[in-house]
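Reviewing the structure listed below.
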Amino acid sequence: MPKILHLITGLETGGAERMLARLVARTDRDRFPSAVVSMTAPGAIGAGIAECGVTLRSLGLRRGRPDPRGVLRLVRIMRELRPAVLQTWL
């Protein structure tokens, strides 16, 4: 069963964010376990994703402020979760 890691810039209210939340909520978790990583804070949509039982992580980056430590955080998360697929959003 391939694990899918969804990487998105943020989870504030928006079209892509809502679509991601719907997708992970309706995906068969037994066949395709999913996790979501937000580059910024979890935002308004993040709570709904976590309530569905989907793993939710944040890189803790600030908008408009490049921080190379975010890459290191992402690498750590990927090593921990071992996804087969990295789906990027936005």
Side-chain angles (χ1 to χ4, degrees):
M1 72 184 125
K3 182 175 275 188
I4 303 168
L5 180 64
H6 297 272
L7 175 65
I8 190 162
T9 53
L11 289 169
E12 294 302 326
T13 305
E17 295 85 349
R18 284 192 297 258
M19 186 57 68
L20 172 58
R22 282 189 211 133
L23 176 67
V24 296
R26 295 177 181 165
T27 298
D28 182 352
R29 289 184 200 92
D30 292 328
R31 290 183 57 204
F32 302 104
S34 297
V36 175
V37 175
S38 174
M39 294 174 70
T40 59
I45 303 291
I49 290 173
E51 286 174 8
C52 291
V54 175
T55 301
L56 176 64
R57 302 283 179 82
S58 172
L59 299 180
L61 300 176
R62 292 176 164 184
R63 289 195 182 276
R65 296 189 138 193
D67 186 349
R69 294 176 294 183
V71 175
L72 297 175
R73 291 180 196 127
L74 179 60
V75 168
R76 272 189 232 120
I77 291 169
M78 290 183 69
R79 283 184 179 155
E80 176 190 338
L81 300 177
R82 309 297 285 172
V85 176
L86 175 62
Q87 170 68 50
T88 58
W89 296 72
L90 302 172

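No experiment lies behind these values; they were computed from the predicted model shown. Index from 1, following the sequence. Side-chain atoms are counted along with the backbone in the values below, which use heavy atoms only and exclude waters and symmetry mates.
Remark: Leu11 CG to Arg18 CZ distance equals 12.5 Å, nearest 0.5 Å. Arg29 contributes atom CZ, which lies 12.0 Å from atom CD1 of Ile4 (distance to the nearest 0.5 angstrom). A distance of 4.5 Å separates CD in Glu17 from CD1 in Ile8, rounded to the nearest 0.5 Å. Distance CZ/Arg26 to SG/Cys52: 9.5 Å, rounded to 0.5 Å. Here the straight-line distance linking atom CG of Leu90 with atom CE of Met39 works out to 10.5 Å at 0.5 Å rounding. Taken to the nearest 0.5 Å, the OG atom of Ser38 stands 8.5 Å off from the CD atom of Glu12.
Grouping the Ile, Leu, Val, Met, Phe, Trp and Tyr side chains by contacts below 4.5 angstrom, directly or via other members, places Met19 with Val36. Ile49 and Val85 fall into different hydrophobic clusters, where Ile, Leu, Val, Met, Phe, Trp and Tyr residues are linked whenever their side-chain heavy atoms come under 4.5 Å apart, directly or through other members. The hydrophobic cluster containing Trp89 also contains Leu56, counting ILVMFWY residues as joined when their side-chain heavy atoms lie under 4.5 angstrom apart, directly or transitively. Residues Val54 and Val37 do not share a hydrophobic cluster, defined by chaining ILVMFWY side chains whose heavy atoms lie under 4.5 Å apart.
The two residues Arg31 and Pro2 come nearest to each other via the heavy atoms O-CD, 3.8 Å.
One finds a salt bridge joining Arg57 and Glu80 here, because a Lys/Arg side-chain nitrogen approaches an Asp/Glu carboxylate oxygen to under 4.0 Å.
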Using the side chain to side chain contact (heavy atoms under 4.5 Å, CB included) rule, take Ile77 and Leu59 through it: C-alpha gap first, then chi angles, then the decisive distance, then the call.
CA-CA 9 Å; Ile77 291 169; Leu59 299 180; 3.8 Å; yes
Before you tell me yes or no, could you show the steps for His6 and Leu23 under side chain to side chain contact (heavy atoms under 4.5 Å, CB included), namely the whole-Å CA-CA distance, both residues' side-chain angles and the distance that decides it to 0.1 Å?
CA-CA 10 Å; His6 297 272; Leu23 176 67; 3.8 Å; yes
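Looking at Leu20 and Ile45, their side chains never come closer than 4.5 Å, going by heavy atoms from C-beta outward.
With Thr40 contributing its side chain and Arg62 its backbone, the two residues share no donor-acceptor pair below 3.5 Å.
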